[in-house]
Protein chains: 4
Amino acid sequence: MSKKLKTGVIGLGRIGRIHLSNLIYHMPDAEVIIASDVSPESLAFATELGVPEVTTDAYDVINHPDVEAIIICSPTPFHVPYTVAAAQQKKHIFCEKPLDVTIEAILAAEKAVNDNGVKLMLGFNRRFDTNFINVRHLVKNDKIGNPHILRITSRDPAPPPVEYLKISGGIFLDMSIHDFDMARYIVGSEVKEVFVKGDALIHPEIKEFGDIDTAVIVLTFENGAIGVIDNSRKAVYGYDQRLEIFGSKGMAKAENNTTDNLVRYDNDGGHIALPLHFFLERYETAYRNCLKSFIDCIQNDTPSPVDAHDGLMATAIGIAAMKSLTENRIVRVDEILELSQI
Amino acid sequence: MSKKLKTGVIGLGRIGRIHLSNLIYHMPDAEVIIASDVSPESLAFATELGVPEVTTDAYDVINHPDVEAIIICSPTPFHVPYTVAAAQQKKHIFCEKPLDVTIEAILAAEKAVNDNGVKLMLGFNRRFDTNFINVRHLVKNDKIGNPHILRITSRDPAPPPVEYLKISGGIFLDMSIHDFDMARYIVGSEVKEVFVKGDALIHPEIKEFGDIDTAVIVLTFENGAIGVIDNSRKAVYGYDQRLEIFGSKGMAKAENNTTDNLVRYDNDGGHIALPLHFFLERYETAYRNCLKSFIDCIQNDTPSPVDAHDGLMATAIGIAAMKSLTENRIVRVDEILELSQI
Amino acid sequence: MSKKLKTGVIGLGRIGRIHLSNLIYHMPDAEVIIASDVSPESLAFATELGVPEVTTDAYDVINHPDVEAIIICSPTPFHVPYTVAAAQQKKHIFCEKPLDVTIEAILAAEKAVNDNGVKLMLGFNRRFDTNFINVRHLVKNDKIGNPHILRITSRDPAPPPVEYLKISGGIFLDMSIHDFDMARYIVGSEVKEVFVKGDALIHPEIKEFGDIDTAVIVLTFENGAIGVIDNSRKAVYGYDQRLEIFGSKGMAKAENNTTDNLVRYDNDGGHIALPLHFFLERYETAYRNCLKSFIDCIQNDTPSPVDAHDGLMATAIGIAAMKSLTENRIVRVDEILELSQI
Amino acid sequence: MSKKLKTGVIGLGRIGRIHLSNLIYHMPDAEVIIASDVSPESLAFATELGVPEVTTDAYDVINHPDVEAIIICSPTPFHVPYTVAAAQQKKHIFCEKPLDVTIEAILAAEKAVNDNGVKLMLGFNRRFDTNFINVRHLVKNDKIGNPHILRITSRDPAPPPVEYLKISGGIFLDMSIHDFDMARYIVGSEVKEVFVKGDALIHPEIKEFGDIDTAVIVLTFENGAIGVIDNSRKAVYGYDQRLEIFGSKGMAKAENNTTDNLVRYDNDGGHIALPLHFFLERYETAYRNCLKSFIDCIQNDTPSPVDAHDGLMATAIGIAAMKSLTENRIVRVDEILELSQI
């Protein structure tokens with residue numbers, strides 16, 4: 001067996017703790033030798049789990065001589081600075097999504113990664129969900145034929161606090177970005193154009209700072225397929241995560257995972273379970289498999305399954321979506337990339 | 001096109017009216033030239049539908065010189081007498097189930113039918129339900145392999161009045177008899193043995209006259225398969241009609257037909273439709289196809305799809321079931337047939 | 001009981017024959033006293049079913065002194081002329097969809113209908129499908145809350161011949177028009193804007209005459225809801241007719257009706273039935289209920305459930321959709337109506 | 001937080017390794033300080049996972065002064081001897097099912113446990129499956145009303161080798177025993193009578209040593225409910241684990257868990273996933289929750305959720321089932337218990 005990969009974790013918020021626990025309990029091929037966070041309580045969490053060294057300075061993790069790979073779970077503005085620093089230290093990098101909200105920063109990160117010959121993997125965890133992997137396999141193995149129509153439904157059970165929304169970067173870069181990545185992943189082709197209809201139907205007050213909570217997004221792909229995503233920040237029945245791909249040979253759809261497989265009938269009707277409540281429940285295994293993929297790609301020296309280009313395109317689609325909403329017109333993704341002189 | 005089959009209908013109760021309406025509206029190859037019933041209101045119903053001649057005497061139907069086929073929907077005790085008389089008049093016969101509650105009477109009817117070279121078809125309408133036909137086709141086409149286990153769930157939404165139950169012949173000959181026929185039809189083999197566990201869990205008072213309302217019936221078949229039927233007179237959620245066949249190559253199950261195909265989610269859960277309420281709704285098309293089969297077998301001179309032997313076996317299994325319940329032991333169907341010196 | 005409504009049928013093609021058969025076999029409150037078609041074979045069909053008078057001249061039907069209601073199933077260009085003539089003769093009118101492909105003609109028909117005090121009902125049969133009716137009831141009874149997102153999937157099993165497509169009026173007025181009506185019906189609000197992405201992915205040659213076979217259509221409603229329709233002329237697995245409404249209190253979706261309710265498992269996987277093949281199977285009962293509604297609204301003197309305004313809006317949305325496709329921009333429905341100086 | 005429970009594991013076969021891994025990775029409240037097995041390779045497995053002490057002698061585990069609780073995963077004949085010895089050492093005991101195949105031995109174990117004031121929990125893992133727990137809650141909370149009919153389907157994907165079957169104790173004590181426990185758990189009442197129909201339909205050769213591979217088992221409960229279990233050693237489509245409870249207020253059924261939630265349609269039909277392959281996949285979480293329950297009941301000094309009485313009854317039903325099969329008659333569970341002079 002290969003020797004254990006030495007990792008360091010930056011940021012021990014909700015997602016950081018998931019990754020830390022997964023590393024410790026479920027990744028026999030890796031170990032965590034250092035972790036950083038600004039909060040003492042988060043550091044205590046890491047210590048409790050057995051992390052031998054903790055620090056309030058992320059650069060202690062990045063510069064640690066034994067660390068081979070860094071897991072970046074800090075707030076978004078730090079993703080690129082830490083990525084660049086880690087690359088310069090020849091560390092492999094796993095970074096939470098989005099890599100950044102600007103094209104320029106993403107390109108800078110990509111350059112640092114390439115120049116230093118390290119691997120960068122982005123935390124698009126949904127690509128590691130069994131349902132979606134199996135749909136992708138069907139497309140790849142030509143069971144669907146030429147893809148014609150992609151439908152993604154992605155609805156959260158409840159919006160984050162308005163305070164969070166103000167700094168979230170907007171629904172497209174905060175929430176829909178997962179769906180943009182999923183769309184590219186399932187169809188296996190780049191997005192050419194974006195068109196958005198959206199509104200603040202749940203919390204009208206968020207329109208003040210230019211955000212919305214309900215959106216229908218039309219994507220056109222280079223291979224001719226047309227995609228449509230519908231997003232809502234509030235589905236009272238839970239986390240609604242479905243998709244469907246339709247093509248010349250047939251159709252496949254991934255339904256929600258549910259809390260149980262019971263069917264109950266009484267004189268009021270038939271009753272079935274709700275979808276799993278939110279992303280922690282729905283993507284519990286996907287988070288684990290995602291991280292495992294990162295470790296595997298380092299151990300086996302294979303390409304990162306979700307790389308800087310994937311981050312670039314997801315963010316570019318997000319920016320195009322925002323522009324489409326604001327200007328009420330179709331926006332080419334190229335416009336966004338060209339604006340950044342690529 | 002063949003000329004229209006001239007039919008007469010005896011008995012215009014609930015089932016008789018279904019058959020009459022189906023003959024008039026849905027059987028372009030048949031016409032009803034006479035109908036009988038003891039109730040003036042029922043005769044008015046027939047007249048309204050355009051039946052040219054009505055009578056209170058069933059023998060007017062049987063003896064009518066132009067009638068080629070008789071539809072018998074009278075109470076059970078009249079089934080065999082009318083069948084015998086109709087056979088002697090060289091009329092083809094469609095008779096509601098059960099043909100009779102005694103083996104001797106059924107054999108007498110069978111003899112009359114054979115001696116006179118007419119066709120007899122029994123109204124086991126469920127054999128003409130699309131779901132069950134398709135399961136049977138899977139078994140016949142060896143998609144299930146050797147049948148090992150058959151499961152039938154057959155539950156009514158509500159019991160008939162106790163007054164009716166007293167004269168019903170008991171749950172096995174009144175209700176389960178459909179399931180006995182279905183079991184033979186699906187498995188394609190004769191039933192050897194019957195074992196019953198049952199109780200009056202809904203209306204304990206019916207035990208006084210030896211009846212029950214809840215039963216689990218185990219059947220063993222000549223081909224080695226084992227079957228189990230569960231019956232209840234009262235499923236508060238509606239008419240529950242499902243079956244499943246399991247064999248060496250796989251399994252097939254027929255689920256209920258429902259009032260719609262909606263799925264609704266709110267913060268109380270997921271909601272789906274109930275099964276179609278009762279047999280009129282569930283087997284509406286089956287009743288039509290059943291009667292059409294009868295007309296077709298006459299027009300094309302093909303064998304009756306459900307003949308006297310089918311009636312004999314269903315009743316014999318019913319009698320065996322009652323004996324098993326009373327004597328708390330396994331009863332061979334042969335015992336029942338031998339008792340009648342066959 | 002009210003006396004039978006005397007009707008005349010114009011046009012005995014595929015749909016005309018469905019309506020004729022339904023009138024004869026399933027509408028005890030109506031009778032057909034005359035029918036017209038240009039084909040002798042179609043007239044023979046009517047005679048065979050017992051229609052007492054047939055003619056090759058539609059005006060014989062319109063002008064027949066005893067006819068109270070006309071069923072117009074002729075090719076689309078004749079819909080408005082016959083409607084106007086029938087209205088002038090004080091006949092009630094049932095007309096197949098679309099009423100016309102121009103706003104002007106529809107307004108002319110509406111005026112004639114209003115001026116003469118007769119009823120006009122359009123054959124949007126899907127409004128009479130149990131699944132969709134039940135979804136509408138949920139919306140109406142506030143089980144869904146404020147509607148936020150509507151999704152309609154409407155895919156045909158196979159495209160008509162290219163020859164037909166050339167004269168079809170295009171996918172939006174030929175096929176999607178049903179979905180436009182359904183969208184207004186389910187949401188209960190008018191459509192404000194239309195945006196289309198579409199392509200000829202199945203038969204690229206139809207682009208030559210400006211048609212497409214695959215479309216994603218975004219609709220915005222006056223009540224704030226956003227709708228998305230996806231259409232394909234060719235779903236190899238059958239007629240795919242689903243919809244979903246999502247709102248502040250929950251979600252409801254109508255799944256396809258299928259050929260049976262079987263589930264089969266073998267070592268290759270689990271197998272379930274395909275959707276009912278095409279519109280004749282899927283909407284058999286809806287066609288009947290649709291026509292019955294027309295007769296009822298005359299007998300009871302209640303408003304037509306689908307009137308000229310519904311026809312106007314469906315056509316206007318269709319024209320807007322075509323304009324959106326051609327000009328690659330959002331089109332307001334008002335633009336279309338204003339162009340016609342309403 | 002309470003201090004960690006010190007445990008020792010006896011037997012590191014397939015199930016033993018599951019429990020060991022769960023203890024190490026998923027039970028923060030417990031630690032494994034010693035493990036035993038006769039195979040060096042199994043001991044190496046334990047060492048690899050970090051167990052500090054391993055031995056080939058089970059009594060080293062039982063007698064270890066620091067061990068507070070013993071996990072017994074040895075072959076069945078050792079269950080009772082180890083249980084008795086562990087009880088005498090005042091150790092709490094988790095023991096795999098069945099506790100034993102004779103009533104006498106089970107009673108001896110129960111006595112030792114009671115005399116020494118320790119807790120004994122049996123590994124009926126299915127009681128800790130979310131689906132079945134939720135069905136039980138529905139029954140307990142009177143959502144089903146009085147239970148009338150219980151149906152359990154329990155089919156393995158493939159039989160063990162014939163060599164194993166010879167020493168397995170027969171289908172009832174090896175396989176159906178889980179279903180007997182489940183039946184008691186769901187219905188919440190004791191089984192009074194057992195009746196079995198079974199055969200060796202898959203491997204006729206196993207009849208030689210008195211075993212079967214296909215069974216239908218009827219149970220009657222003290223509360224009046226009737227249960228039916230169907231078992232097969234070979235369901236080619238995978239591990240089929242369903243149940244349904246029907247009562248005066250309605251019905252609830254637990255469907256299989258599947259490998260994914262995809263639905264795919266092509267021109268061959270609709271395709272869905274198979275059930276999870278076998279017990280390791282199906283009950284992965286249940287195994288974990290089961291063990292966690294044991295640790296919790298010790299830490300909180302609450303009663304064992306599955307105690308010696310549960311083991312006694314499951315085995316007694318199994319013996320009754322075998323007797324019913326051999327003697328082709330109904331067998332009262334009391335007969336079995338009385339034979340052992342309880």
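The chains referred to below are lettered A, B, ... by the order of the sequence lines, with proteins before strands, and numbering in each begins at 1.
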Check: How many angstroms lie between CD1 in B/Ile317 and CD1 in B/Ile336, if you round to the nearest 0.5 Å?
Finding: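 Separation between the atoms: 10.5 Å.
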
Checklist line | Closest-packed option against chain D by number of heavy-atom pairs under 4.5 Å, given B/Asp199, B/Ile226, B/Val218, B/Ile202 | finding: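 Among B/Asp199, B/Ile226, B/Val218, B/Ile202, the one with the most close pairs to chain D is B/Ile226.
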
Margin query: Using a 4.5 angstrom heavy-atom cutoff, name the option from B/Ile149, B/Val216, B/Asn146 with the most pairs to chain D.
Written below: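 Among the listed options, the one with the most contacts to chain D is B/Ile149.
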
Note to self: More than 12 heavy atoms of other residues, nucleotides or ligands under 6.0 Å from NZ of D/Lys253: yes or no?
What the structure shows: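 Yes, the 6.0 Å shell around NZ holds more than 12 heavy atoms from other groups.
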
Structural part of [X] lying under 4.5 Å from a heavy atom of chain D:
X        : answer
B/Ile330 : side chain
B/Asn231 : backbone
B/Thr220 : side chain

Next item on the list: Name the member of D/Gly227, D/Gly247, D/Ser232 that forms the most heavy-atom pairs with chain B at distances under 4.5 Å.
Entry: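 Between D/Gly227, D/Gly247, D/Ser232, the count favours D/Ser232.
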
Check: How about B/Tyr185 and B/Phe132: are their ring centroids closer than 6.0 Å?
Finding: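 That pair fails the under 6.0 Å test.
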
Notebook entry, point to check: Cationic tip of D/Arg155 within the cone over B/Phe246's six-membered ring, i.e. under 6.0 Å and within 45° of the normal?
Noted result: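 Flagged: D/Arg155 positioned over aromatic ring of B/Phe246.
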
Checklist line | Donor-acceptor contact below 3.5 Å, side chain B/Asp174 vs main chain B/Gly170 | finding: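 Flag not set: sc B/Asp174 to bb B/Gly170 has no pair under 3.5 Å.
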
Item checked: Residue part contacting chain B, namely of D/Lys197, when any heavy atom lies under 4.5 Å ->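 Interface part for D/Lys197: both.
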
Margin query: Please classify the contact between D/Asn328 and chain B as side chain, backbone, both or neither, with a heavy-atom cut-off of under 4.5 Å.
Written below: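 Answer is both: backbone and side chain atoms of D/Asn328 are under 4.5 Å from chain B.
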
Notebook entry, point to check: When you check the gap from the basic side-chain N to the acidic O, do B/Arg151 and D/Glu244 get nearer than 4.0 Å?
Noted result: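 So B/Arg151 does not pair with D/Glu244 through a salt bridge.
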
